[in-house]
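Because the structure is a prediction, the values reported are computed rather than measured.
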Amino acid sequence: MDYALIKRFIPVIVMAIVLLIPACGGKKGDANAFPEGFASLTDEQKVVYMMEHASADSVARFIIYASLGKVDGVRIDTLNNATLKAYETYTDTALQTFSWEFDRVSEELPLHDKMRLRALVGTEDPQGLGLTLGLEYLNQIRVKGMTADEVLAELQELKRASADDPDMYARFLIGFRTVLRYDKNSDMPAEIYNRFLNFDEDAIEEYHSRNKAAGVPVTLPDSIPVEEHPEETPAPSDSISHD
């Protein structure tokens, strides 16, 4: 038995196992799972190595987690360069697998990581990113079957993650509360509507105060009808502190 060969490929085996972890919070591995010198490679070189030693779905997860800083000691500094290398190199089934897994993991990320990843992609107007995510969030709650407490935990983490950009958080709330107000389905637990329909009013008021002098209006997509004077809902207002 060639023990030298086995020893050579142990890091690759460990790396593959690490990257099979589903998308969730926390770290996704460390530099010890990669060969020596891997962290110093360019983003494109890291992706090429991964494509040679791991499956296409593992490569997609690696790019996402490393871009978000969830792989200790290894980073992807330019998400678009890394994904472009994969899209240019993969063909046929491998390309489909990579694309599907990249989209799946991106959508299933915790809310604050999802916002970070989409900001890194940079294809959306930064001014509209928070609003768009807010409008999409109710569907995410529905798909994941989230409870009100789970939603609250995600919003708390989003606010902490947006401490340097409170406008992003406020625009998210505006989008989320808007789609809650005009959602016509009855499949969501009533607690979701009651708890978040008037959620964190202070954050939104502070947002409008900051932007009033600049005359920046909050616009919503045409698909979400907005009444000039929507009927007030008697649900209590919640707020989040930074503590």
Side-chain angles (χ1 to χ4, degrees), residues 103-242:
D103 291 344
R104 183 191 70 81
V105 175
S106 299
E107 287 303 307
E108 293 181 2
L109 286 170
L111 181 59
H112 64 288
D113 282 335
K114 187 175 183 180
M115 182 172 286
R116 287 176 56 206
L117 187 71
R118 287 173 66 164
L120 289 173
V121 172
T123 57
E124 299 179 66
D125 176 11
Q127 295 295 316
L129 175 57
L131 183 64
T132 300
L133 282 175
L135 292 170
E136 296 172 355
Y137 189 52
L138 185 63
N139 188 58
Q140 183 175 337
I141 294 171
R142 181 176 286 111
V143 169
K144 290 185 175 182
M146 298 172 67
T147 66
D149 286 342
E150 289 172 334
V151 173
L152 177 62
E154 283 212 326
L155 295 186
Q156 288 174 329
E157 184 58 37
L158 177 64
K159 188 167 188 177
R160 282 191 289 268
S162 304
D164 294 331
D165 189 3
D167 282 4
M168 177 79 78
Y169 169 73
R171 287 191 289 267
F172 171 88
L173 285 183
I174 291 170
F176 181 37
R177 296 190 345 165
T178 298
V179 77
L180 277 173
R181 183 176 297 280
Y182 292 99
D183 181 66
K184 302 300 183 183
N185 294 322
S186 59
D187 60 321
M188 296 293 293
E191 186 180 8
I192 297 291
Y193 296 100
N194 295 337
R195 195 165 182 180
F196 300 108
L197 199 54
N198 295 310
F199 188 78
D200 209 349
E201 198 71 55
D202 290 345
I204 295 178
E205 289 180 0
E206 290 168 4
Y207 166 75
H208 287 307
S209 296
R210 285 192 300 270
N211 290 279
K212 185 176 180 181
V216 180
V218 176
T219 57
L220 297 172
D222 293 338
S223 58
I224 303 293
V226 179
E227 300 174 5
E228 293 185 3
H229 302 286
E231 181 182 353
E232 293 298 326
T233 303
S237 173
D238 253 322
S239 63
I240 296 176
S241 67
H242 289 289

- [ ] Evaluate the criterion side chain to side chain contact (heavy atoms under 4.5 Å, CB included) for residue pair E107 and V143; output intermediate values, then yes/no.
- [x] CA-CA 11 Å; E107 287 303 307; V143 169; over 6 Å; no
TODO: Assess whether side chain to side chain contact (heavy atoms under 4.5 Å, CB included) is satisfied between Q140 and E154, documenting all intermediate values.
DONE: CA-CA 12 Å; Q140 183 175 337; E154 283 212 326; 4.2 Å; yes
- [ ] For D167 and R171, run side chain to side chain contact (heavy atoms under 4.5 Å, CB included): C-alpha distance rounded to whole Å, both residues' side-chain angles, the deciding distance at 0.1 Å, then the answer.
- [x] CA-CA 6 Å; D167 282 4; R171 287 191 289 267; 3.5 Å; yes
- [ ] Could you walk me through whether R118 and E136 pass the salt bridge (Lys or Arg N to Asp or Glu O under 4.0 Å) test, one step at a time?
- [x] CA-CA 13 Å; R118 287 173 66 164; E136 296 172 355; 2.7 Å; yes
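Scanning both residues, I141 and M188, for their nearest heavy atoms gives CG2-CE, 3.3 Å. Closest non-hydrogen pair, M115 versus S162, comes out as SD-OG, 4.4 Å. The shortest heavy-atom contact between R181 and N198 is NH2-OD1, 3.9 Å. Taking every heavy atom of both residues into account, L117 and L109 meet most closely at CD2-CD1, 3.7 Å. The shortest non-hydrogen separation linking L173 to A203 is CD1-CB, 4.1 Å. Considering every non-hydrogen atom in both K144 and E108, the closest pair reads NZ-O, 3.2 Å.
Proximity of E157 to R160: side-chain heavy atoms (C-beta onward) are separated by under 4.5 Å at one or more points. With contacts defined as side-chain heavy-atom distances shorter than 4.5 Å, the pair D149/R195 qualifies.
Taken to the nearest 0.5 Å, the CG atom of D200 stands 6.5 Å off from the CG atom of D202. Atom CZ of R177 sits about 14.5 Å away from atom CG of L138, to the nearest 0.5 Å. Atoms CG and CD, on L111 and Q156 in that order, are 12.0 Å from each other to the nearest 0.5 Å. Distance check: I192 CD1 to T147 OG1 gives 7.0 Å after rounding to the nearest 0.5 Å. Distance CD/E205 to CZ/R210: 11.5 Å, rounded to 0.5 Å. Summarising the geometry, atom CZ belonging to F199 is positioned 5.5 Å from atom CG belonging to L152; distances are rounded to the nearest 0.5 Å.
Relative ring orientation between F176 and Y137 is described as perpendicular, the plane-to-plane angle rising above 60° on a 0-90° scale split at 30° and 60°.
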